[in-house]
Amino acid sequence: MTEGTVTTAAEGSDTMTRLEQEGEIAADYLEGLLDIADLDGDIDMDVEADRAAVSIISESARDLQKLVGRDGEVLEALQELTRLAVHRETGDRSRLMLDIGGFRAQKREVLAELGAKAADEVKSSGEPVKLDPMTPFERKVVHDAVAAAGLRSESEGEEPQRFVVVLPA
């Protein structure tokens with residue numbers, strides 16, 4: 001094994017350790033939040049696509065709906081608060097993703113389908129397709145689906161009205 005390979009492997013191990021630490025800090029923070037709110041839920045930690053991923057799951061999805069809010073607004077706020085808690089502990093900016101009750105996973109499926117349909121429409125018409133405004137998470141999922149379909153896309157506009165445009169090849 002060459003020195004460059006050893007360095008790359010060590011860097012990968014350091015990154016994984018850092019992401020696991022982010023997940024543990026986030027889990028502790030969220031467990032405290034669940035206790036304060038008197039809600040039941042289990043915390044699941046993982047590392048996905050070079051970012052920590054933390055999920056709150058429960059037998060009673062109805063309780064967790066309060067933490068998701070209308071169209072995920074409360075979830076977005078909790079994710080930002082959790083990132084701030086991680087930042088406070090580590091001093092590093094976190095890109096942690098939070099899911100509650102499978103809301104993001106379900107949303108990801110719907111958005112991937114939307115991106116694929118938009119790509120099909122562009123392929124058949126040859127014209128760009130503009131989608132409705134979306135959050136950064138939603139746009140990322142659509143961009144990935146469009147790229148998987150072999151096309152490209154761009155985000156246009158200013159927050160909170162930023163949207164995806166799917167472009168012909």
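Owing to the predicted nature of the structure, the values given are computational and were not obtained by experimental measurement.
- Salt-bridge formation is not detected for the pair K117/E121: no Lys NZ or Arg NE/NH1/NH2 atom is positioned less than 4.0 Å from an Asp or Glu carboxylate oxygen.
- Atom CD in E89 sits 8.5 Å away from atom CG in D28 (nearest 0.5 Å).
- Scanning both residues, A116 and A145, for their nearest heavy atoms gives N-CB, 4.2 Å.
- Contact of the R18 side chain with the D14 side chain is not registered, since no non-hydrogen atoms from C-beta on lie closer than 4.5 Å.
- Judged purely by atom type and a 3.5 angstrom limit, D99 uses its side chain to pair as donor or acceptor with the backbone of F103.
- Minimum interatomic distance between R139 and R162 (heavy atoms only, all atoms of both residues): NH1-CB, 3.4 Å.
- Side-chain atoms of E76 and E80, non-hydrogen and from C-beta on, never get closer than 4.5 Å to each other.
- Q65 CD: more than 12 foreign heavy atoms inside a 6.0 Å radius.
- The closest side-chain heavy-atom distance from E20 to M16 is below 4.5 Å.
- Taking CG of D35 as the reference point, atom CG of D40 lies at 9.5 Å (rounded to 0.5 Å).
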Yes or no on side chain to side chain donor-acceptor pair (under 3.5 Å) for S153 and H143, after CA distance, side-chain angles and deciding distance?
CA-CA 6 Å; S153 56; H143 286 306; 2.5 Å; yes
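- Hydrophobic clustering, with ILVMFWY side chains joined whenever heavy atoms are under 4.5 angstrom apart, keeps L39 apart from I57.
- In this structure, L167 belongs to a hydrophobic cluster whose other members, linked by side-chain heavy atoms under 4.5 Å apart, are F163, V165.
- The heavy-atom pair separating S58 from G41 by the smallest distance is CB-CA, 4.1 Å.
- A 4.5 Å side-chain heavy-atom check between L33 and T82 finds every atom pair outside the cut-off.
- Across all non-hydrogen atoms, the minimal contact from D50 to L19 is C-CD1, 3.7 Å.
- By the criterion of side-chain heavy atoms lying less than 4.5 angstrom apart, applied directly or through intervening Ile, Leu, Val, Met, Phe, Trp or Tyr residues, L75 is not grouped with V141; the two fall into different hydrophobic clusters.
- Note on V110: it does not cluster hydrophobically with I100, by side-chain heavy-atom contacts below 4.5 Å among ILVMFWY residues.
- Cluster membership for V86 and L67, using ILVMFWY side-chain heavy atoms within less than 4.5 angstrom, is not shared.
- For CG of D38, the number of neighbouring non-hydrogen atoms (other residues, nucleotides, ligands) closer than 6.0 Å is 12 at most.
- Side-chain N or O atoms of R51 include none that pairs as donor or acceptor with a backbone N or O of L96 at under 3.5 Å.
- Other residues, nucleotides and ligands place no more than 12 heavy atoms under 6.0 Å from the CD atom of E59.
- The shortest heavy-atom contact between A149 and K123 is O-NZ, 2.7 Å.
- Linking ILVMFWY side-chain heavy atoms closer than 4.5 Å, directly or via other members, places Y29 and I25 in two distinct hydrophobic clusters.
- Checked by atom type and distance alone, the side chain of T90 pairs as donor or acceptor with a backbone atom of D92 at under 3.5 Å.
- The shortest distance between side-chain heavy atoms of V47 and T15 does not fall below 4.5 Å.
- Side-chain atoms of K107 never come within 3.5 Å of backbone atoms of F137 as a donor-acceptor pair (strictly under, hydrogens ignored).
- Shown here is K130, whose NZ atom has no more than 12 heavy atoms of other residues, nucleotides or ligands within 6.0 Å.
- A heavy-atom distance below 4.5 Å is not found between the side chains of I56 and L78.
- For K66 against V74, the heavy-atom pair with the smallest separation is O-CG1, 3.8 Å.
- Residues E48 and M97 are not in side-chain contact: their nearest non-hydrogen atoms beyond the backbone lie 4.5 Å or more apart.
- Taken to the nearest 0.5 Å, the CD atom of Q79 stands 11.0 Å off from the CZ atom of R95.
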